[in-house]
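Input: a single structure, listed below in structure tokens.
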Amino acid sequence: MPVLPGAEPFRHEGGEAGVLLCHGFTGSPQSLRPWARYLAERGLTVTLPLLPGHGTRWQDMQVTGWQDWYAEVDRELRALRERCARVFVAGLSMGGALALRLAAKHGDAVAGVVVVNPANRMHGVAQHALPVLRHLVPATKGIASDIAKPLSTELGYDRVPLHSAHSLRAFFRLADGDLPQVTQPLLLLRSPQDHVVPPADSARILGRVSSTDVTEILLEQSYHVATLDHDADRIFAESVAFIGRLAPGSVKEPESGLGEEGTAAGG
């Protein structure tokens, strides 16, 4: 299946500081593209991959699992390390969980972590029913576009494939066990009004990581997909300040003329 318009991956070759952005479950790079462009315009090398099974149709996701999604971001991180002196990982929702596991597994190869409304576990009765329900029902109602800002929408599936949801449940347990291995500086931004991921997930992450340099910021005007919401500019600015503090000299004055895929127009 062709990739949906807007769901394409984003890459930009910038300076010696690189950022890997990870999108969320059933979402696509579209939800993080404005963030990616903001980072790229300030001279950073940026990669925002499309996770396997995402960005086409939900049926394609049904045959993928956490191993596929994590393998993709792990490959991207290794590639970034080959051309950047310092590398940061960042993510939204499930992408936050992916970023945290990358930090746990790659240690000093990751200079810092930025997560927005990170997910840590499944909640409610549905999670206990998944092992059986996934064999009876292929999909359930989608979770995309939890956004307070009028006319702002997320390009994500309108259905959640239950085989993939079951795999995500297993990944959350694995990633939670890795959290004490996260020692890097951490910037966590969360929305008090989030209809997808409850505050308990961020609280657990903050309570289990071993990082000593930790900053938590509340996004009072946004829902779950805060990167497309009222607080988007604050997320972008805070992440750049965080990177600039940890990698002095890496952030430049905004560049102009970036093409859609991050390359300079005409270059």
Side-chain angles (χ1 to χ4, degrees), residues 9-23 29 32-49 73-92 95-96 98-118 179-190 202 205-206 209-219 226-227 231-259 261-265 267:
F10 178 99
R11 288 180 177 83
H12 173 72
E13 292 295 333
E16 291 191 353
V19 186
L20 166 60
L21 295 173
C22 309
H23 70 74
L32 300 184
R33 190 176 301 274
W35 190 5
R37 292 185 63 82
Y38 187 97
L39 297 170
E41 287 165 1
R42 283 151 183 82
L44 298 165
T45 294
V46 183
T47 181
L48 168 55
V73 295
D74 186 78
R75 280 193 297 269
E76 293 285 349
L77 175 61
R78 294 175 189 276
L80 264 185
R81 283 289 299 165
E82 290 179 359
R83 61 184 186 273
C84 294
R86 308 207 75 187
V87 173
F88 297 82
V89 293
L92 167 69
L98 290 170
L100 286 163
R101 187 164 199 258
L102 286 171
K105 294 300 183 184
H106 286 269
D108 291 342
V110 172
V113 187
V114 182
V115 291
V116 179
N117 292 322
L179 286 176
Q181 299 175 46
V182 177
T183 60
Q184 298 89 340
L186 171 65
L187 172 60
L188 185 149
L189 306 101
R190 68 175 182 86
S202 287
I205 289 167
L206 291 172
V209 296
S210 298
S211 307
T212 55
D213 181 346
V214 177
T215 303
E216 179 183 15
I217 294 175
L218 297 185
L219 307 171
T227 50
D231 292 295
D233 287 344
R234 186 177 186 192
I235 294 169
F236 306 162
E238 293 284 359
S239 65
V240 163
F242 177 78
I243 292 167
R245 173 169 66 85
L246 296 171
S250 62
V251 178
K252 311 300 181 183
E253 288 298 315
E255 299 175 5
S256 61
L258 291 182
E261 288 310 308
T263 56

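Sequence positions, counted from 1, serve as the residue numbers for this chain.
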- Between the CG atom in Asp108 and the CZ atom in Arg86, the distance rounded to the nearest 0.5 Å is 9.5 Å
- Report the relative orientation of the aromatic rings in Phe236 and Tyr38; use parallel for angles under 30°, tilted for 30 to 60°, perpendicular for over 60°. tilted
- Query: Are Val113 and Leu102 close enough, and set up right, to give a side-chain contact (heavy atoms from CB on, under 4.5 Å), and what steps lead you there?
  - Reply: CA-CA 9 Å; Val113 187; Leu102 286 171; over 6 Å; no
- Query: What do you reckon, is CD of Glu16 surrounded by more than 12 foreign heavy atoms closer than 6.0 Å?
  - Reply: no
- Message: If we ignore hydrogens and angles and just use 3.5 Å, is the side chain of Ser210 paired with the main-chain N or O of Pro180 as donor and acceptor?
- Response: yes
- Note on the structure: Looking only at heavy atoms, the pair that brings Arg81 and Ala109 closest together is CD-O, 3.3 Å
- Item | Flag side-chain contact, heavy atom, 4.5 Å: Leu32 against Val116 | no
- Task: Answer yes or no: is there a side-chain heavy-atom contact under 4.5 Å between Gln184 and His106?
- Result: no
- Task: Mind running side-chain contact (heavy atoms from CB on, under 4.5 Å) on Val214 and Leu188 for me, showing each step along the way?
- Result: CA-CA 8 Å; Val214 177; Leu188 185 149; 5.9 Å; no
- Query: Nearest 0.5 Å, what's the NE2-CZ distance between His23 and Arg33?
  - Reply: 10.5 Å
- Query: Could you state the interatomic distance from CG (Asp213) to CG (Leu246), rounded to the nearest 0.5 Å?
  - Reply: 6.0 Å
- Task: Check step by step if side-chain contact (heavy atoms from CB on, under 4.5 Å) holds for Arg190 and Leu218.
- Result: CA-CA 5 Å; Arg190 68 175 182 86; Leu218 297 185; 3.4 Å; yes
- Task: Show your reasoning for whether side-chain contact (heavy atoms from CB on, under 4.5 Å) applies to Val114 and Leu189.
- Result: CA-CA 8 Å; Val114 182; Leu189 306 101; 3.8 Å; yes
- Message: So, taking the atom named CG in Leu92 and the one named CD1 in Ile235, what distance separates them when rounded to the nearest 0.5 Å?
- Response: 8.0 Å
- Can you name the residues that form a side-chain hydrogen bond (donor to acceptor under 3.5 Å, both in side chains) with Arg234, not counting sequence neighbours? none
- Are Ser202 and Pro118 close enough that some pair of their side-chain heavy atoms sits under 4.5 Å apart? yes
- Look up atom CG in Leu21 and atom CG in Leu39, then write down how far apart they are to the nearest 0.5 Å. 6.0 Å
- Smallest heavy-atom separation, Val89 atom then Ala99 atom, equals CG2-O, 3.5 Å
- Only residue of Leu77, Thr183, Leu20, Val87 satisfying side-chain contact (heavy atoms from CB on, under 4.5 Å) with Val110 is Leu77
- With rounding to the nearest 0.5 Å, note down the distance linking CG in Leu206 to CD in Glu216. 5.0 Å
- Taking the side chain as every heavy atom from C-beta outward, state whether Val182 and Ile205 have any pair of such atoms under 4.5 Å apart. no
- Item | Contact check, side chains of Thr227 and Pro34, non-hydrogen atoms, under 4.5 Å | no
- Looking at Ala17 and Ser250, what are the two nearest heavy atoms and their distance? CB-CB, 3.5 Å
- Residues at least two apart in sequence or cross-chain that pass side chain to side chain contact (heavy atoms under 4.5 Å, CB included) with Arg83, listed by chain then number, are Glu13, Thr45, Ala79, Leu80
- Task: Kindly give the heavy-atom pair with the smallest separation between Pro49 and Pro29, and that separation in Å.
- Result: O-CG, 3.6 Å
- Message: Taking the side chain as everything from C-beta on, heavy atoms only, tell me whether Phe10 gets closer than 4.5 Å to Val46.
- Response: yes
